[in-house]
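A quick write-up on the structure given underneath.
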Amino acid sequence: MAIMDSVIVPFLSHDHVTTEQYNYLRIDHVSKLELLEKNNLEYDAIMVCEADQHLLKYIIRKIRNTWKDNIYLRPVITLQYQVESGSACEKYVTDGHAGTIDELEQFDPLVKQIRREIQALSFLHRDADTSPNKFWLNIAISYMRSRKKNRLTPVSSFDSSIGYIWPELSIHFAPEKQNLVAEILNWGAAHNYLSTGFSDIVYVCPCCGSNHLLFRETCTKCGSPNIEMEDLIHHFPCAYIGKASDYENGEQTKCPKCRKSLKNLGQDHDKPSSIYSCNHCNHSAQQPAIRAKCTLCRHETPVEQLKVLQVCEYNLLFQATELVMTNSMMDVMQETA
Amino acid sequence: MDYIDELIYYVQFSDMAGWIRMFWLFFFFELLRFFLVDLIILIAWRFKWLFIRRYEKINRSILLRANPLVSIIIPGKNEGENIYKLVQSLQLQTYRNFEIIVVDDGSDDNTPMIGRSLEQSGLINYFFRNEVRGGKASAANLGFRASKGDIIVHLDADCTMEPDAIENIILPFFMQKNIGAVGGNIVVRNYKRSLCTSLQGIEYIDSISIGRIVASELGIYRMVSGAFGAFTREGLTRVGGWDIGPGLDGDITVRLRKLGYNIRFAPAAVCYTDVPVKFKGLVKQRLRWDRSFVRFRLRKHRDVFFPTRSFRFSNFISFAENLTYSFILDIKWFIYFFDLLFNYSHVLQFIIPMNYLLYLSAYYLKFLVFYFFRINYYEKPATYFLKYIPCMPLYFGYFLRFVRTTAYIQELLFKKSYTDKWNPLKTSRHAKRLRI
């Protein structure tokens, strides 16, 4: 932040692009993010032009997290470079992409529509009575209403701690805190702001709620992943059955019971199953236990004890609209209905 | 009434020499071996027990202090539902230091699911599954390979146990040195199900619960039942585990005997099993059992009769007794039958009922006398079984004899045991080639 504070913007004219109808704030570097909150600047939409993917995402995230003066609701158009990853939250909260500056004009109707929708919203100022869940829900619903969206659809995401994001709300939370997003949305469903529909199931760490798990086959006795699987060999003539290593006799494979050399598979022996041996405790069993190790909190859990999280899509209910619309606008809506 | 009068008249006027001539098979063989010898041995056993009772108590406390790990191996195919009942009965055992190893020999029902669930819930220690069926011997060997106990107990999945069964079957290992295996007492669980099971209930009391006490005391006990038998790890390792069946339980007992181990019977180690409900199923089971007599006693282990390096007199006697009373007696019975047919054809109408009554009296006498020597595991055995005893001369003397003779002929002439579907053909093929 020290670097950002020391940045001086030399030419205001370089920070704006004007189309026929609207004035776009041009942000082509993170240092220009401070322009967002400058009181003397008038702009209708934001144009982001940044080649570096990380910085591009950072800028978009910063814009959507700037709640002062409802900057976060402003239309954001990427210019020349767009968010590449299909699972990135930032991709879903960008309103459009223009290849060149000439193409910017085609977004004017969209900007017009978003501005009109924003005017109909009443903004919640968090005070002592406002619960955190209600606050976050308001932020997300306001954004959705401004884009005429009624559905929060989960998108699978590599970065998310639960494997899914709901971009309109998830953008406000760090990737490792996405389980909070699910909690807020479920709270919204429980308080009749949202209706739910099944989308998927994810298994998460019972300790920290993360889906970033490493699945390993482990010893059923000591839990060590240091196990070795071996085929079992059944020697037909003498009915001996044991690990393949039991039959190793120098260069040859001989039955340890009757001392006869093994011939072809199926002729005098077969491999009816396999067995593992634990290099840690010498335990042998046929089915190793599958355990999950959380990469976030490092807790190890048998897969049967993982927490099951239902991933839902959410639809806005009337009460959600009521939460974010101005009283006058609600009257209009009810009369229309 | 004329016939009855004539029969009574015939009985009254037959002298002792005539009786012995007419019923020589009964007097010289069956009464001698299966009643008199048994009775003498049982009396001696009871007296011995009075003296060793204190010694047994001391050894029981030594056993409980030593607390050796016992590995219970349960091999089987499509036995999922039975395994659950068996495991429940094992949970009630007085002896607690055991591991349970269930081996599924290529089941095609829900056994794998039940086995895995029992393993996960900790009711059994290990569940192994062979995706391809390899036969009971290979399944038992896999269980033995995975076991860690000093004593290995082999159980059939359809058994349930008395709470002190495991403790009682491992006790003889502490009572006597050089014991290689101990056989458990097999009792018919479904004895009330049908006439067939009731008759088998009486037969098991006679041939297992009583017969094996006698055989064990005489040192000629040669069949540790696969349903419930205990082995030392050392003994099993030396014989290399089980060989291809059918008849693998008798085979392994003989191989242990050949190595010089003593084999004991533990009458107080009671295990319950279901027997075939219908005679058709019984015939199938007995044909398999009796064929294995020829295969193992007369072929694989015929060296017991010859003065080889591993010759033991007790093994010779054991086999000779088995051969005499199973095989030769069968032949004698047919000789006796023809003897009657040719020499007494004019009085057969009297001899057949007399013969029947003679055997019937012997069965009643034996059942009532031997009742005092056996462990009391049925609630009201006397009242229940007494009414079925009149069927025993027919069941034991004719039905089972006919089945046994058929089995011997099948095996002697056609080596039928090698094509028995009880064992996979891929292994039987090798057994036949190797003459084992």
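Everything numeric in this text was worked out from a predicted model, so none of it was measured. In what follows, chains are A, B, ... by sequence order, proteins preceding strands, each numbered from 1.
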Per-residue contacts, residues 173-200 of chain A versus chain B, heavy atoms under 4.5 Å: none
From A:Cys312 atom SG to A:Tyr164 atom OH, the distance as rounded to the nearest 0.5 Å: 11.0 Å
SG on A:Cys89 to CD1 on A:Ile171, rounded to 0.5 Å: 4.0 Å
Side chain to side chain, B:Ile186 and B:Phe228, heavy atoms closer than 4.5 Å: yes
From CA spacing to verdict: side chain to side chain contact (heavy atoms under 4.5 Å, CB included), B:Leu118, B:Val102: CA-CA 10 Å; B:Leu118 288 170; B:Val102 175; 5.8 Å; no
Pair A:Glu313-A:Leu152, side chain to side chain contact (heavy atoms under 4.5 Å, CB included): steps then yes or no: CA-CA 6 Å; A:Glu313 58 176 26; A:Leu152 267 160; over 6 Å; no
Chain A contact via B:Ala137 - side chain, backbone, both or neither, heavy atoms under 4.5 Å: both
Full working for salt bridge (Lys or Arg N to Asp or Glu O under 4.0 Å) between A:Arg216 and A:Glu300: CA-CA 10 Å; A:Arg216 293 97 45 82; A:Glu300 273 202 35; 2.7 Å; yes
Portion of B:Phe144 that has a non-hydrogen atom of chain A nearer than 4.5 angstrom: neither
Chain A and chain B: which donor-acceptor pairs fall below 3.5 Å?
from: A:Ala239; atom 1: O; to: B:Asn141; atom 2: ND2; distance (Å): 2.6
from: A:Asp246; atom 1: OD1; to: B:Arg145; atom 2: NH2; distance (Å): 2.9
from: A:Asp246; atom 1: OD2; to: B:Arg145; atom 2: NE; distance (Å): 2.6
from: A:Asp246; atom 1: OD2; to: B:Arg145; atom 2: NH2; distance (Å): 3.1
from: A:Lys257; atom 1: NZ; to: B:Gly240; atom 2: O; distance (Å): 3.0
from: A:Lys257; atom 1: NZ; to: B:Trp242; atom 2: O; distance (Å): 2.9
from: A:Lys257; atom 1: NZ; to: B:Asp243; atom 2: OD1; distance (Å): 2.7
from: A:Gln267; atom 1: O; to: B:His430; atom 2: NE2; distance (Å): 2.9
from: A:Asp270; atom 1: OD2; to: B:Lys426; atom 2: NZ; distance (Å): 2.7
from: A:Pro272; atom 1: O; to: B:Glu131; atom 2: N; distance (Å): 2.9
from: A:Ser273; atom 1: OG; to: B:Arg129; atom 2: O; distance (Å): 3.2
from: A:Ser273; atom 1: OG; to: B:Asn130; atom 2: OD1; distance (Å): 3.4
from: A:His283; atom 1: ND1; to: B:Tyr126; atom 2: OH; distance (Å): 3.4
from: A:Gln286; atom 1: OE1; to: B:Arg129; atom 2: N; distance (Å): 2.3
from: A:Gln286; atom 1: NE2; to: B:Arg129; atom 2: O; distance (Å): 2.6
from: A:Gln287; atom 1: OE1; to: B:Arg116; atom 2: NE; distance (Å): 3.2

Heavy atoms from other residues, nucleotides or ligands near CZ of A:Phe215 exceed 12 (cutoff 6.0 Å): yes
Residues B:Ile100, B:Ile74; criterion side chain to side chain contact (heavy atoms under 4.5 Å, CB included); working and verdict: CA-CA 8 Å; B:Ile100 305 174; B:Ile74 310 165; 3.7 Å; yes
Proximity breakdown for B:Ile244 and chain A, heavy-atom pairs closer than 4.5 Å: both
Gap separating the CD1 atom of A:Ile275 from the CG atom of A:Leu232, nearest 0.5 angstrom: 5.0 Å
Gap separating the CG atom of A:Asn226 from the OG atom of A:Ser224, nearest 0.5 angstrom: 4.5 Å
Trace of the side chain to side chain contact (heavy atoms under 4.5 Å, CB included) decision for B:Leu256 with B:Ile263: CA-CA 8 Å; B:Leu256 285 165; B:Ile263 314 294; 4.0 Å; yes
